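This structure is a prediction, so every number in the text was calculated from the model and none was measured. Just so you know, residue 1 is the first one in the sequence shown, and it goes up from there.
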Amino acid sequence: MAADLVYEGARSVYGPLLATLGASALVVGAVTGAGEAAALALRLVSGRVADRTGRYWALTISGYVLTAVCVPLLAVTPLLGAAGLAVAAGLILAERVGKAIRSPAKSALLADAAGQVGMGRGMGVHKALDQIGAFAGPLLVAAIVATAATSAGGLQLALAVLAVPGAVAVVLLVVTRRHMPVSSETTVSRPSGAIVAHQDETRLPRAGLPAAFWWLAAGAALCTAGLVTYGLIGFHLVEQAVVSEAGVPLLYAAAMAAGAVAALVTGGAYDRFGGRVLVMLPLLVAAAAALAFGDSLALVLPGVLLWGFAVGIQDSTVKALVADLVPRGRRATAYGWFAAVQGAGALIGGVGAGVLYQQSITALVLGVMAVQIAALAVLLVVLSSHR
């Protein structure tokens with residue numbers, strides 16, 4: 001939660017910061033796009049390293065330290081003159097690399113911890129706290145910028161202040177590490193409703209990933225492809241005058257709150273009923289597209305809330321099923337591959353949604369529904385073969 005406050009708060013002002021340093025729209029898009037690509041693609045490497053070396057804590061802590069250091073350093077880039085833009089771009093990329101370094105190892109450690117209380121519940125609590133940080137970070141930055149004498153000075157002060165929650169995150173990790181056993185020594189208990197991989201989870205660190213995992217990754221990628229980005233939703237809301245520009249972030253905040261609720265509710269349901277709860281995900285994605293691109297707030301509001309609900313399930317309960325399908329010694333590798341496959345789905349879906357939106361909203365909605373029918377079929381195959 002503390003780390004999310006740092007990097008989500010910073011990401012909310014990357015555009016304005018780079019603009020003050022002289023970046024064009026093309027440069028802003030290239031830097032932020034390259035950062036997101038690095039955050040996803042490099043997990044393939046960091047996940048394999050984590051499983052092969054067993055250094056889950058070292059990778060997790062180092063990744064968070066990189067974020068905690070790089071974000072506050074962005075505050076000094078306006079003072080560097082002509083070099084400021086290049087330094088800022090490097091720091092933004094380094095922060096995203098930190099995300100790639102820690103994510104698979106962190107998810108593997110989280111799965112160990114969640115196994116003690118219920119995989120779905122544990123992942124749900126994590127996502128709920130994650131959403132609180134993602135909600136509070138941009139609000140903190142916005143408040144500091146709004147009260148500053150100048151916009152540029154406000155950006156610098158806000159980024160510098162984010163050093164505080166960054167330090168809190170690192171201290172919490174170090175303290176937690178000292179009070180918990182090494183990952184390989186942790187005994188993982190399983191709730192009765194969960195799907196359990198049949199391999200010995202304390203051995204076979206180099207074994208291949210099961211076929212069910214790849215089917216799940218494919219189904220999740222199809223869901224992600226249909227989960228139209230909020231950027232396009234916000235563009236539609238303003239273009240069609242459904243809400244004002246000021247109303248767009250308020251709806252996004254509501255969506256983040258819905259995601260937190262979804263993570264907690266479906267996480268508990270997963271522990272009781274198993275992966276069957278994920279059947280609702282394609283249905284939510286399709287309904288969100290049909291409503292969020294409506295022409296009135298009465299349609300858009302429930303659509304945006306359903307969109308947030310689907311995001312919450314994607315980032316929590318789906319990951320619980322990954323942990324239960326994959327041998328413990330391969331979880332970090334699995335989460336790395338899973339992120340990469342989802343990233344491909346997001347890229348293809350984002351481009352496709354933009355093309356279809358230019359044709360007509362009806363074409364976009366029908367396209368999303370078609371993709372979600374395929375996603376539902378794939379998820380049913382996974383669940384029926386590993387009941």
Side-chain angles (χ1 to χ4, degrees), residues 1-4 8 43 47 50 56 60 63-64 99 102-135 172-173 176 180 183 186-197 201 209 212-213 216-217 219-221 223-224 227 256-281 284 308-328 330-339 341-342 379 382-383 386:
M1 181 181 68
D4 260 74
E8 294 290 2
R43 295 185 202 189
Y56 299 99
T60 299
Y64 277 113
K99 173 77 170 176
R102 68 177 179 261
S103 286
K106 176 209 67 177
S107 294
L109 291 172
L110 178 63
D112 273 353
Q116 310 301 319
V117 298
M119 195 65 74
R121 179 187 177 196
M123 294 292 187
V125 169
H126 166 263
K127 181 58 182 176
L129 293 175
D130 193 69
Q131 294 295 89
I132 292 173
F135 177 79
L172 285 172
L173 281 169
T176 303
M180 290 186 68
S183 176
T186 303
T187 301
V188 179
S189 61
R190 298 293 185 185
S192 59
I195 295 175
V196 182
E201 298 194 15
L209 298 173
F213 163 79
L216 176 62
C223 289
T224 302
L227 196 59
M256 294 298 96
V261 173
L264 293 173
V265 172
T266 61
Y270 174 85
D271 289 336
R272 183 171 183 179
F273 303 108
R276 294 189 298 274
V277 299
L278 294 179
V279 171
M280 74 172 69
L281 181 57
L284 290 171
F309 208 88
V311 170
I313 297 174
Q314 279 269 66
D315 291 342
S316 59
T317 311
V318 171
K319 289 184 177 180
L321 181 54
V322 171
D324 280 334
L325 286 175
V326 176
R328 184 173 167 222
R330 295 286 286 168
R331 280 178 181 163
T333 299
Y335 282 122
W337 275 107
F338 196 79
V341 174
Q342 277 195 304
L379 289 177
V382 175
L383 298 174
H386 290 79

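A distance of 12.5 Å separates OG1 in Thr266 from CZ in Phe273, rounded to the nearest 0.5 Å. Rounding to the nearest 0.5 angstrom, the gap separating the NZ atom in Lys127 from the CG atom in Leu264 is 11.5 Å. In this structure, Ser316 OG and Gln131 CD are separated by 9.0 Å, a value rounded to the nearest 0.5 Å. One distance of note links OH of Tyr270 with CZ of Arg276; it measures 11.0 Å at 0.5 Å rounding. The CG atom of Leu172 sits 11.0 Å away from the OH atom of Tyr64 when rounded to the nearest 0.5 Å. Atom-to-atom distance recorded for His126:NE2 and Met1:CE is 11.5 Å, nearest 0.5 angstrom.
Looking at every heavy atom in both residues, Ile313 comes nearest to Met280 through CD1-SD, 3.9 Å. Annotation for Asp271 and Val117: closest pair OD2-O, 4.3 Å, computed over non-hydrogen atoms. A pairwise comparison of heavy atoms in Ala310 and Leu227 identifies CB-CD1, 3.8 Å as the closest pair. The two atoms that bring Ala332 and Ala105 nearest to each other are CB-N, 4.3 Å, heavy atoms only. Of all the heavy atoms in Val318 and Ala220, the pair that sits closest is CG1-CB, 4.4 Å. Of all heavy-atom pairs between Pro104 and Gly47, the closest is CB-CA, 3.6 Å.
Partners of Ala258 according to the side chain to side chain contact (heavy atoms under 4.5 Å, CB included) rule, which considers only residues two or more places apart in sequence or in another chain, are Leu305. Residues forming a side chain to side chain contact (heavy atoms under 4.5 Å, CB included) with Thr224 (at least two apart in sequence, or on another chain): Gln314, Gln342, Ala346.
Side-chain contact check for Val279 versus Leu379: every heavy-atom pair is 4.5 Å or farther apart. Between Met123 and Thr317 the shortest side-chain heavy-atom distance does not fall below 4.5 Å. Using a 4.5 Å cut-off on side-chain heavy atoms (C-beta onward), Arg331 and Asp112 make contact.
With hydrogens and angles disregarded, a donor-acceptor distance shorter than 3.5 Å links the side chain of Tyr335 to the backbone of Lys319.
Screening Leu216, Val326, Leu209 for a side-chain contact (heavy atoms from CB on, under 4.5 Å) with Phe338, the sole residue that qualifies is Leu216.
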